[in-house]
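Just so you know, these numbers come straight off a predicted model, no measurement behind them. Chain naming here is simple, since letters A, B, ... match the order of the sequence lines and numbering starts at 1 in each.
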Protein chains: 2
Amino acid sequence: MGKRDEQDFRVDSETGESIHPDLISSVNADMPDEELLYDLAELYKVFGDSTRIKILYALFEAELCVGDIAELLNASPSAVSHQLRVLKTSKLVKFRREGKTVYYSLADDHVRTIIGMGMEHLCE
Amino acid sequence: MGKRDEQDFRVDSETGESIHPDLISSVNADMPDEELLYDLAELYKVFGDSTRIKILYALFEAELCVGDIAELLNASPSAVSHQLRVLKTSKLVKFRREGKTVYYSLADDHVRTIIGMGMEHLCE
DNA sequence: CTTTCATTTGAACATCTGTTCAAATATTAT
DNA sequence: ATAATATTTGAACAGATGTTCAAATGAAAG
């Protein structure tokens, strides 16, 4: 985190004016809050790892426990658990415990829709 | 790139069986190709940076040149250009040259839809 | 052809990320 | 209690990522 407050760039050396000042103002007016855009990027960051995408895709089909997911992805239970924590934090998956076993499933249908959109963009 | 071929985990020390073998097979059968899932993650990775999200959002409103975007985001033209290259590579933006100036715009409406989905997930 | 402006490029650097490994926790059975 | 199994956790490490800076390119004007 933390890469704000740089400086002012692109101020014309003579006049102090930018190329399209009006356009900039009008676009700027319609930009969502810095924080919202930051959170949005954070959300997509979660989808931006193939291990996590595989986990989500696996959960499309069924509720699964950590060990099953690990075997399915050919990954270590530890690695899977670490990533499940990320997905949990982003409220993309939910879980329930049954004895020693913890079962994970998709939190809601947004995940399907978001991934579906991505697939559409890729497959055309 | 490159983190395949680890080992086999989770093979029961005695029997050599996993907890839910049938489930694993059936889920595995419906999983898309490794490569497709990888590309999907790569696509989302592009959305997973606040600078790039801001650029895309700015382009929702209008076609803009590099300098304008830089001023809008309070970032250096160089940083913006680097990120525009990433967006170009992912076919999310297109550009045209007019004299010294290069104008960028959204490649298609998928970008809007994908970002819209993310916003929906956040704002509920 | 030299200058100027807009953009791009490449290398360097600091930061972030995901996996591994070992150890800890949780739950059930003996 | 002790053992066994499933999962979680934390530290360490390697690799990826985004910004900066300086230098290069492209295009129009003098």
field: Nucleic acid footprint by protein, nucleotides 25-30 of chain C - heavy-atom cut-off 4.0 Å, B for base, S for sugar-phosphate alone
entry: --BS--
query: When we call it a touch if two heavy atoms are under 4.0 Å apart, what does A/Y103 touch: a base, just sugar-phosphate, or nothing?
result: nothing
- prompt: To the nearest Å, how far apart are A/I19 CD1 and C/dT7 P?
  reply: 5 Å
message: I need the CG-P distance between A/L84 and C/dT17, as an integer number of Å.
response: 18 Å
- request: Could you check which of C/dT7, D/dG18, C/dT17 has an atom nearest any side-chain atom of B/D49?
  value: D/dG18
query: Does A/R52 use its side chain to pair, donor to acceptor, with the backbone of A/Q83 at less than 3.5 Å?
result: no
message: Once you measure the plane-to-plane angle for A/Y103 and B/H20, does it fall in the parallel (<30°), tilted (30-60°) or perpendicular (>60°) bin?
response: tilted
statement: Rounded to whole Å, CD1 of A/I69 lies from C1' of C/dT19 at a distance of 17 Å
field: Within residues 96-108 of chain B or reaching into it, pairs that qualify as salt bridge (charged side-chain N to carboxylate O under 4.0 Å, His left out) - sequence neighbours excluded
entry: B/E63-B/R96, B/R96-B/E98
- prompt: In Å, rounded to the nearest 0.5 Å, how long is the span from CD1 of B/I115 to CG of A/L40?
  reply: 6.0 Å
query: Would you say C/dT17 has OP1 or OP2 under 4.0 Å from some side-chain N or O of A/R52?
result: no
message: Regarding A/F95, tell me which of base, sugar-phosphate or nothing describes its non-hydrogen contacts under 4.0 Å with the strands shown.
response: nothing
- request: For B/T101, answer base if it contacts any base atom (sugar-phosphate contacts may also be present), sugar-phosphate if it contacts only those atoms, and nothing otherwise; contact means non-hydrogen atoms under 4.0 Å.
  value: sugar-phosphate
query: Has A/Y104 got a side-chain N or O lying under 4.0 Å from the OP1 or OP2 atom of D/dT8?
result: yes
Do any N or O atoms of the protein come closer than 3.5 Å to N or O atoms of nucleotides 10-14 of chain C, and which pairs are they?
| unit_1 | atom_1 | unit_2 | atom_2 | d |
| --- | --- | --- | --- | --- |
| C/dG10 | O6 | B/H82 | NE2 | 2.7 |

query: Which is it for A/D49 and B/Y44 under the side-chain contact (heavy atoms from CB on, under 4.5 Å) test, yes or no, and what are the steps along the way?
result: CA-CA 8 Å; A/D49 173 80; B/Y44 285 117; over 6 Å; no
- prompt: Is any side-chain N or O of B/Q83 closer than 4.0 Å to OP1 or OP2 of D/dT17?
  reply: no
